[in-house]
Amino acid sequence: MVNMQLMMFLLVAVGFLVRKKNIIGETGRKDMVNFCLYVTLPFNIFHSFQMEWEWSMLKSFAQVLFLATGYCILSIIMSCIFYRKAEPDKRKPLRYGTIVSNGGFLGNPVIEGIYGTNGLFYASVFMLPVRIVMWSVGTSCFMKEKSESLVKKVLTHPCIVAIYLGLFVMIAGMSFPVSVENTISGISSCNTPLSMMLVGMMLAEMNPKGILDGTMVLYTIVRLILIPAILFGLTALLPIPALLRGITVIIAGMPTPVTTALLSAKYHGNEGYATGMIFVTTILSLFTLPVWCWLLG
């Protein structure tokens, strides 16, 4: 977990220097945001569905999907309860960052380190409904338009299309030629370094004044403590394996995802504030995540 966090900060540092030295200008940075949202992220999502499906797994899948759905519902409710008094451009990333955690990028390696490949498999299943909510309800936090236009934009977003295709390929058991598979995995692997360097570029452009306010403190508590604490209590009452309980709590306690800043930059949210959310929660998660792991035993 520490190695993953350090790698993230080093990538952010590279992006920060690249922008400060003006190797990439503001226009180039905005073009890179579009490249991530429309190319590398869809490939990354599609590649995450590359797992073997067997109908005998249906019972285990159902349990994991039930837990993931409960987490998504809780997160959406929390995003609606808090931040009502926040400024509109800050409310967008705050709501999105509450609905979605960094469970896909940071959560998977942490869970694999704790529970092994078995845990990684169930974590990947857990992320299926999370990704659907992330690119539907989550994206709608940034798009304030008429309902018909909003639904059309969300349902045809490249990241949502990647989910459709990924689910179809997984359930159909399709395989690709080596050249195609290597292309998909290669573009997918570009997503993390590009996204984190973009965060560094946004940090270089950011005015830190007004970032560490009361709303940021509230958000940090909700993201890293309150949501995982509620799920920690609720899952203790359910007759489920400790493995599934651990996956649920750990993913719920992950910091703000990088897509918060990318979507803020694309859809007129406060990208500086969103970048601050990522930076603050990622640093503090170095302390909160080990505590959750210890409480889970």
Side-chain angles (χ1 to χ4, degrees), residues 1-2 4-5 48-49 51 53-54 56-82 94-138 163 167 218-257 260 281-282 284-297:
M1 181 175 63
V2 173
M4 288 297 299
Q5 300 280 43
S48 71
F49 284 87
M51 61 179 78
W53 168 269
E54 295 179 11
S56 59
M57 302 173 180
L58 196 57
K59 182 178 178 180
S60 299
F61 265 54
Q63 286 183 311
V64 178
L65 293 176
F66 171 77
L67 293 169
T69 303
Y71 160 65
C72 291
I73 293 171
L74 174 64
S75 299
I76 293 169
I77 292 172
M78 289 290 184
S79 75
C80 294
I81 292 175
F82 300 103
L94 285 166
R95 288 197 61 204
Y96 179 87
T98 302
I99 294 171
V100 185
S101 77
N102 201 2
F105 168 57
L106 187 58
N108 281 357
V110 170
I111 287 169
E112 184 179 18
I114 299 170
Y115 296 111
T117 54
N118 194 35
L120 179 61
F121 173 77
Y122 286 114
S124 300
V125 175
F126 188 96
M127 288 304 297
L128 296 182
V130 174
R131 290 188 188 280
I132 293 171
V133 169
M134 173 182 182
W135 291 108
S136 53
V137 179
I163 292 175
L167 280 170
L218 172 63
Y219 169 74
T220 302
I221 293 171
V222 171
R223 173 73 273 155
L224 299 180
I225 299 174
L226 185 58
I227 294 177
I230 293 173
L231 290 170
F232 182 86
L234 291 176
T235 52
L237 304 175
L238 299 176
I240 57 173
L243 168 64
L244 301 187
R245 184 189 185 206
I247 289 171
T248 303
V249 174
I250 290 170
I251 289 179
M254 287 288 157
T256 311
T260 309
T281 56
T282 301
L284 292 178
S285 69
L286 286 169
F287 304 96
T288 57
L289 284 174
V291 172
W292 287 120
C293 293
W294 176 72
L295 290 173
L296 288 164

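Reckoned from all heavy atoms, side chains included, excluding hydrogens, waters and symmetry mates.
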Original post:
Hey, is the main chain of Gly97 close enough, under 3.5 Å, to the side chain of Tyr219 for a donor-acceptor pair?
Top reply: yes
**OP:** Kindly give the heavy-atom pair with the smallest separation between Trp292 and Ile225, and that separation in Å.
**Re:** CZ2-O, 3.5 Å
Original post:
Which heavy atom in Ala252 sits nearest to a heavy atom in Leu231, and how many Å separate them?
Top reply: CB-CD1, 3.4 Å
Subject >> Ile240 CD1 to Thr248 OG1 distance, which is reported to the nearest 0.5 Å >> reply: 5.5 Å
Original post:
Is it true that the NZ or CZ of Arg131 lies under 6.0 Å from the centre of Phe126's six-membered ring and within 45 degrees of the ring axis?
Top reply: no
Original post:
Nearest heavy-atom pair of Arg223 and Met254: which atoms, and what distance?
Top reply: NE-O, 3.1 Å
Subject >> Gap between atom CE of Met134 and atom CD1 of Ile99 - 0.5 Å precision >> reply: 11.0 Å
Subject >> Heavy-atom closest contact (Ile251 atom, Ser101 atom, distance) >> reply: O-OG, 2.7 Å
**OP:** Determine the minimum heavy-atom distance between Cys293 and Ile250, stating which atoms define it.
**Re:** SG-CD1, 4.2 Å
Original post:
To the nearest 0.5 Å, what is the distance between CZ (Phe82) and CZ (Arg95)?
Top reply: 13.0 Å
Original post:
Mind checking whether Ile227 and Leu74 have side chains closer than 4.5 Å, heavy atoms only?
Top reply: yes
**OP:** Report the distance from atom CG of Leu67 to atom CG of Leu244, rounding to the nearest 0.5 Å.
**Re:** 6.0 Å
Original post:
Thr260 and Pro257: which non-hydrogen atoms are nearest, and at how many Å?
Top reply: OG1-O, 2.9 Å
**OP:** Kindly indicate whether the side chain of Val100, heavy atoms from C-beta on, has any atom under 4.5 Å from the side chain of Val133.
**Re:** no
Original post:
What distance do Ile247 atom CD1 and Tyr71 atom OH have between them, rounded to the nearest 0.5 Å?
Top reply: 14.0 Å
Subject >> Non-hydrogen side-chain atoms of Phe66 and Leu238 separated by less than 4.5 Å >> reply: yes
**OP:** Determine the sole option in Thr282, Leu286, Leu284 for which the side chain to side chain contact (heavy atoms under 4.5 Å, CB included) test with Pro255 is passed.
**Re:** Thr282
Original post:
Taking atom OG1 of Thr256 and atom CG of Leu94, what is their separation to the nearest 0.5 Å?
Top reply: 9.0 Å
